[in-house]
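This report concerns only the one structure given below.
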Amino acid sequence: MLTIAVLGTLDTKGDEHSFVADCIRKAGHQALLIDVGTNGPPTVAPAFTRDHVLEAEAADAPKNTQPMLASALDRGQAIGRMANAVPHFVKRLVHQGRIDGIIALGGSGGTSIATAAMRALPLGFPKVMVSTMAGKDVSAYVDISDIVMIPSIVDVSGINRISADVFTRAAAVVVALA
């Protein structure tokens, strides 16, 4: 049985990430929801909270003591802070053998955070990003990594007949890669 990390901004896209986690479970595998949201509380219960993510960064780089939530920082600062923290966390999960792949969904902010995590992972480790940004130049998100970028076709905002199809197929891709 594989364990796939489902990483996302669960404060704004919790239902969508939960849908993907359910697809992974229906395929007979485990899904670990990881919250990297920067606004309000998550709308679904994560296996790992944003505090877990920030604690991993603090353990690796204890000098950073800034507040996290966008209410304390502007949106860009909050996204930047989480994008700096999340690679520390996911690298630990991979090193400990706790995950076999990673998938995320997002708009510009979620894509920035998730791909920062994915770029920190080894070449060949399964990484799938479903993004509203995938129809544009994705070089800043992918850089020199092997992230599979899948266009979301519609906004990552709710489950409808199009998003359900895209999310289901993306879940199948990360499972197949793992």
Side-chain angles (χ1 to χ4, degrees), residues 4-25 31-57 64 66-90 93 99 101-121 127-138 140-142 147-171 173-174:
I4 307 297
V6 182
L7 183 138
T9 54
L10 303 185
D11 52 350
T12 59
K13 298 184 182 348
D15 290 341
E16 296 83 355
H17 285 87
S18 184
F19 179 90
V20 169
D22 287 344
C23 290
I24 292 165
R25 291 181 193 112
L32 289 179
L33 281 167
I34 302 170
D35 180 29
V36 292
T38 60
N39 276 319
T43 60
V44 297
F48 296 104
T49 67
R50 64 188 73 158
D51 290 335
H52 290 118
V53 173
L54 293 171
E55 287 166 9
E57 178 198 29
N64 196 346
Q66 292 179 317
M68 179 57 235
L69 295 179
S71 60
L73 303 171
D74 75 23
R75 181 176 185 263
Q77 289 174 315
I79 289 169
R81 171 81 193 285
M82 189 58 79
N84 286 331
V86 72
H88 299 275
F89 184 76
V90 296
L93 292 177
I99 60 172
I102 188 168
I103 186 170
L105 316 169
S108 60
T111 300
S112 293
I113 294 167
T115 57
M118 293 175 186
R119 287 191 306 272
L121 300 178
K127 312 164 194 68
V128 175
M129 181 74 227
V130 178
S131 176
T132 60
M133 307 307 290
K136 302 175 182 178
D137 176 6
V138 297
Y141 299 113
V142 176
I147 299 168
V148 175
M149 294 286 288
I150 298 176
S152 62
I153 309 302
V154 296
D155 194 13
V156 181
S157 180
I159 308 297
N160 59 49
R161 66 181 178 82
I162 296 170
S163 64
D165 185 56
V166 172
F167 300 163
T168 300
R169 290 172 189 268
V173 168
V174 74

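Count residues from 1 along the sequence. The structure displayed is predicted, hence computed values, not measured ones.
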Side chain to side chain contact (heavy atoms under 4.5 Å, CB included) with Leu105: of Val130, Thr132, Ile150, only one passes, and it is Val130
Using side chain to side chain contact (heavy atoms under 4.5 Å, CB included) as the criterion, list what pairs up with [X], not counting sequence neighbours.
| X | value |
| --- | --- |
| Ala31 | Val6, Ala21, Ile24, Arg25 |
| Val138 | Tyr141, Val142, Met149 |
| Ile159 | Glu16, Phe19, Ser163, Ala164, Phe167 |
| Val44 | Leu10, Asp15, Ser18, Leu33 |

Rounded to the nearest 0.5 Å, how far apart are [atom1] of [X] and [atom2] of [Y]?
| X | Y | atom1 | atom2 | answer |
| --- | --- | --- | --- | --- |
| Glu55 | Thr49 | CD | OG1 | 6.5 Å |
| His52 | Asp35 | NE2 | CG | 11.0 Å |
| Leu93 | Leu121 | CG | CG | 9.0 Å |
| Ile99 | Leu7 | CD1 | CG | 8.5 Å |

Of the non-hydrogen atoms in [X] and [Y], which two are nearest, and what is the gap between them?
| X | Y | answer |
| --- | --- | --- |
| Gly107 | Ser131 | O-OG, 4.3 Å |
| Ala83 | Ser112 | CB-O, 4.2 Å |
| Leu54 | Ala85 | CD2-CB, 3.7 Å |
| Gly37 | Arg50 | O-NE, 3.1 Å |
| Pro87 | Asn84 | CD-O, 3.5 Å |
| Ile113 | Met82 | CG2-CG, 3.8 Å |

Give me each pair satisfying side-chain hydrogen bond (donor to acceptor under 3.5 Å, both in side chains) with a member in residues 4-14, each pair once, sequence neighbours excluded.
Thr9-Thr12
Restricting to pairs with a member in residues 154-166, which pass salt bridge (charged side-chain N to carboxylate O under 4.0 Å, His left out), not counting sequence neighbours?
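Salt bridge (charged side-chain N to carboxylate O under 4.0 Å, His left out) check on residues 154-166 returns Asp165-Arg169.
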